[in-house]
Protein chains: 2
Amino acid sequence: MTTGSSNRRIGAEDSGTRARLIEAAEQVLLEEGYAAVTSRRVAARAGLKPQLVHYYFRTMDHLFLEVFRRRAEAGFAQFQRAIADEPSLRTIWSSLTHGTGSAFNLEFAALANHRKAIRAEMANYAERFRTMQLEAVASILSGREPLPDAITPDVVLMALAGVAQLIALERALGVSGGHDEALAFLERYLDNPAGT
Amino acid sequence: MTTGSSNRRIGAEDSGTRARLIEAAEQVLLEEGYAAVTSRRVAARAGLKPQLVHYYFRTMDHLFLEVFRRRAEAGFAQFQRAIADEPSLRTIWSSLTHGTGSAFNLEFAALANHRKAIRAEMANYAERFRTMQLEAVASILSGREPLPDAITPDVVLMALAGVAQLIALERALGVSGGHDEALAFLERYLDNPAGT
DNA sequence: GTCTATACTTCGATAGAC
DNA sequence: GTCTATCGAAGTATAGAC
């Protein structure tokens, strides 16, 4: 499982069937969780035979990695577009709370916790994403009233990202206590971080 | 699976074997993730036969619920002790970042996302825990310099909980960007939230 | 009350046919 | 390059022996 030194033949990367399997895997992941992403269920969702999963992907982990990379690259590109279009804290906040990203991250975080290859890939993207976000926050804040010295762009970003993640996770559970208050605060803060 | 209206006989709740299975399940959960919590592996960890899992627990979900409740009650009690001993923001922060709690929550959050019974139980405890924490924060802040109106105890708690969760998750991945800065800020903030 | 023998389903993966 | 036939291991759960 770690080495994967089998010499079984693997299908072409540009195969349409392969793309269908990745798409199906992502759907199953979001709807039923990573434990439900089995060769049989993914194939059924794609309308294909289970053995095809193992023809196009050496192991299930290889499939997970492809699903993750596809989503991560898309998120990456989307963030860059959004921040170029309107560089503001509000745009950062939107990107942190947008769509199915949270559910996706939750599944992969749980998966990464116990699978080395996936953890490495996720850490890699997380670092890159954080760096990109940090540059954006620093740039946005530099054009405004200065904040107290202790409140660096890192601190602002960690707080926004942390609260966004927490709210998303609790929403999934059906818990909402404190959310309205936090969102009301952010509603003011995002446009006026210095509080003047 | 949802109803569980089987009339199969189930072992006594005070059985020692049953307790061993719960303990073993928790270990497997933390070490290998929720997908690895199967009757065979739990039993192997406990040095028992796989069929015993199904004698003491109607389904695997019942086992998960027992594992969750045990940990949740323990966390509940521990928070109450700690906050009674030293009521401070620092104690709140410690309780949010303490031990294996984050890994445990991550596993159960992912599980809860797709299993109704577990989601309900987790939501229930999350609400209770949040209420308890909120009372503590409000009580602590009321004995200090007042904060700006917009920064209610809810806002403080959501920020602390969010950042604590984010740092824990990223640490598990091996990502550390921004952590030192956020922790340095908190180091000052926890003792002096009004920033005077 | 406690545990075992057993049924049946689903799993990942490979070797080999087209 | 693409897909299928098939294997052995692991999964949940139940009925029945002690």
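Residue numbers begin at 1 in each chain, while the letters A, B, ... track the order of the sequences.
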Spacing of [X] atom [atom1] relative to [N] atom [atom2], expressed in whole Å:
X	N	atom1	atom2	answer
B:L48	C:dT4	CG	P	9 Å
B:R20	C:dT2	CZ	P	13 Å
B:L52	D:dC18	CG	C1'	14 Å
A:I10	D:dC3	CD1	C1'	13 Å
B:H62	D:dT12	NE2	P	15 Å
B:R45	D:dA10	CZ	P	16 Å
B:L63	D:dA13	CG	C1'	14 Å
A:Y34	C:dC11	OH	C1'	16 Å

Is any side-chain N or O of [X] closer than 4.0 Å to OP1 or OP2 of [N]?
X	N	result
B:S39	D:dG11	no
A:Y55	D:dT2	yes
A:R9	C:dG16	no
A:R41	C:dC11	yes
B:Y56	C:dC3	yes

From C:dG12, D:dG1, C:dT4, nucleotide with atom closest to A:H54 side chain: C:dG12
Picking from C:dC3, D:dT2, C:dC11, which would you name as closest to the side chain of B:T17? C:dC3
When the side chains of residues 179-186 of chain B are checked against the rest of the protein, which donor-acceptor pairs come out under 3.5 Å, sequence neighbours left out?
{"from": "B:H179", "atom 1": "NE2", "to": "B:E170", "atom 2": "OE1", "distance (Å)": "2.6"}

Check the orientation of A:F64 and A:F108. Use parallel for under 30°, tilted for 30 to 60°, and perpendicular for over 60°.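 Correct class here is perpendicular.
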May I ask you to decide if the ring planes of B:F68 and B:Y125 are parallel, tilted or perpendicular, using 30° and 60° as cut-offs?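 Perpendicular, since the angle between the ring planes exceeds 60°.
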Closest approach of B:L157 and B:Q133, non-hydrogen atoms and distance? CD2-CB, 3.7 Å
Non-hydrogen atoms of B:A46 and B:L21 that approach each other most closely: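 Looks like CB-CD2, 4.2 Å.
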Pairs under 3.5 angstrom, nitrogen or oxygen only, protein versus nucleotides 5-9 of chain D, please.
{"from": "D:dA5", "atom 1": "N7", "to": "A:Q51", "atom 2": "NE2", "distance (Å)": "2.7"}

Ring-ring centroid check B:Y34 A:Y34, cutoff 6.0 Å: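 For B:Y34 and A:Y34, the ring centres are under 6.0 Å apart.
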According to side chain to side chain donor-acceptor pair (under 3.5 Å), does anything in residues 143-155 of chain A pair up with another residue at least two apart or in another chain? List the pairs.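 As it turns out, there is no side chain to side chain donor-acceptor pair (under 3.5 Å) pair with a partner in residues 143-155 of chain A once direct neighbours are skipped.
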